[in-house]
2 protein chains.
Amino acid sequence: MAARREAGEGEPMLVWERPEPPSRPAPSPLSRDRIVRAAIELADADGLEAVSLRKVAAALDAGPMRLYGYLSTKEELLDLMADAVYGEIPPPVRAGDDWRGALRSLAHGVRAAGLRHEWLINLLSGRPNLGPHALAHGEASLAALDGAPGFDHIDTIMLAVGTVNVYVLGALQRQIADLRAARATGMDEREWQHAAYPYLARMLATGRYPTLARFVRDASHTDADTTFETGLDCVLDGIAARLPRA
Amino acid sequence: MAARREAGEGEPMLVWERPEPPSRPAPSPLSRDRIVRAAIELADADGLEAVSLRKVAAALDAGPMRLYGYLSTKEELLDLMADAVYGEIPPPVRAGDDWRGALRSLAHGVRAAGLRHEWLINLLSGRPNLGPHALAHGEASLAALDGAPGFDHIDTIMLAVGTVNVYVLGALQRQIADLRAARATGMDEREWQHAAYPYLARMLATGRYPTLARFVRDASHTDADTTFETGLDCVLDGIAARLPRA
DNA sequence: TATATACTCGATACACCGTATCGTACCGAT
DNA sequence: ATCGGTACGATACGGTGTATCGAGTATATA
């Protein structure tokens, strides 16, 4: 937009016709927060692969290298994005003796965040996140179970929280994979309906996967939410079975 | 290696001193399998981000564009890599009435493959894999539980297999994240020991995470294998609780 | 006030990526 | 022997993350 003259072209640009007093064209505070927010907006809109330092910088009216004053690497930006999402998750709490409710709220909080920002699951496959918000979430998770009836030993709490977290992570991964496939259906119907579905039908029709074919035909395809809930109940039941007799 | 003359430099290369009769310097069969194997070797050695079409092609003594005769896109290569790993997993089987054993073998098979090829978990976050080997594995998984005592309804089997799979996926994701962090410790001690550990200690010392600090201090840090096993038992117990009275 | 110095910033550049394009060199048919 | 089709791969393009370093500002000194 700024009709900036290309440098090094034609006559040597005279000093007083500089396009802008470049002293500080727009102070443009810029901060890690603003950068991370811009990156998250980009990722939410166009996926994680659309997050490039150049695009983020452009969204903030800055040059790419400007960001390196606030970040040392792109990985750091990704870590900050993940931690920012952890900051969105309401801390799980326990009401009275309801440890199941506590673990449920933990699970639902993480799941909701993961569905709100589908790229999160891809970031969690990297190194573990130890940002302040992630730590705070971990703190709240443990605290919510601390002292609950039956959870006398620390290891019991670790097992419960760990297993639920692991289940949520896996469920997110699976649902989002399916979701992306379904999205491809909706937006690019040709690709899925003309490629994947007939492909699957053809594969199943070969007779090499008889059990699979029967299951695809006969299973009651419940929606993702209740599938998640049922699996979560499974895990909670398993945890309950490990508790000392109530 | 072929001391090929740079073209367009110096005198015009005379026709009869062409470096090679380029009719077919080395027939170099090349096949999807060979390409996928090379890519997997690269990924195993240097991580998924080291897999570029250029490097894979170079490993096969070919130019980058050569691969496009066998692949339509890099994503396709990644899909093939994932499916190849599924092909390594021994199909889960059931001995007699031991449905727990069947689910255990399913879990261990997937986990072993995921640990053998740490990049696999990053690929599974994408769209669902429907390659022939993946389908065969799904077939075997369902068949292993089909007709087991208590698993009368198809939905019960789906729940069991689905939940176990989801648990394994999540556990893999977590363990590999930790593993990568630990690896950074070993190979690049400076980075972890001088950065992450003091960082964590500092964070815990702030007093903002009292429960977390206590747990980190007091918990018995069991190794990854038994942690996995314990969580898996949890899940299996939960499944058992959903079965009709034996 | 004039000048020297430190420092910050961002334009430029580099190596690498995935892949579209298309001249060319081959093969088979006429 | 000539021609037509085909397939290959060198070249090129637009993108990426980030190292480098010259220019321009602000500060300290004479």
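In the text below, chain A, chain B and the rest are named by the order of the sequence lines, each starting its count at 1.
There is a side-chain donor-acceptor pair under 3.5 Å between A/Glu88 and A/His117.
With hydrogens and angles left out, the side chain of A/Arg54 and the base of D/dG15 share no donor-acceptor pair within 3.5 Å.
Remark: B/Ser52 is not in phosphate contact with C/dC16, judged by side-chain N or O atoms under 4.0 Å from OP1 or OP2. OP1 or OP2 of D/dT18 sits under 4.0 Å from a side-chain N or O of A/Thr73. At least one side-chain nitrogen or oxygen of A/Lys55 sits closer than 4.0 Å to the OP1 or OP2 atom of D/dT16. In this model, the phosphate group of C/dG10 is approached by a side-chain N or O of A/Arg66 to a distance below 4.0 Å at OP1 or OP2.
We find that NZ of B/Lys74 is positioned 11 Å from C1' of C/dC16, with the value rounded to whole Å. Distance CG (B/Leu77) to P (C/dC17): 14 Å, rounded to an integer number of Å. Note: CG (B/Leu71) to P (C/dT19) measures 10 Å, nearest angstrom. Rounded to an integer number of Å, the gap from A/Leu30 CG to C/dG10 P is 9 Å. The distance between atom CG of A/Leu42 and atom P of D/dT16, rounded to the nearest whole Å, is 11 Å. Atom P of nucleotide D/dA19 and atom CG of A/Leu67 are separated by 14 Å, given to the nearest angstrom. For A/Leu53 and C/dA11, the CG to C1' distance is 16 Å, given to the nearest whole Å. B/Glu49 has its CD atom 15 Å from the C1' atom of D/dT16, to the nearest Å.
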Problem - Test ring pair (Phe, Tyr, Trp, His ring centres under 6.0 Å) applied to B/Phe215 and B/Tyr209, step by step - result: CA-CA 10 Å; B/Phe215 275 60; B/Tyr209 316 103; over 10 Å; no

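You'll find that the side chain of B/Met65 is closest to D/dG9, out of D/dG9, D/dT16, C/dG18. For B/Tyr68, the side-chain atoms get nearest to C/dG18 when compared with the rest of D/dT16, C/dG18, C/dC17.
At a threshold of 4.0 Å, the pair A/Asp79-A/Lys74 does not count as salt-bridged, since none of the basic side-chain nitrogens sits closer than that to a carboxylate oxygen.
Side-chain contact check for A/Tyr86 versus A/Ile89: some heavy-atom pair is nearer than 4.5 Å. Under the 4.5 Å side-chain criterion, counting only non-hydrogen atoms from C-beta, B/Leu169 is not in contact with B/Leu172.
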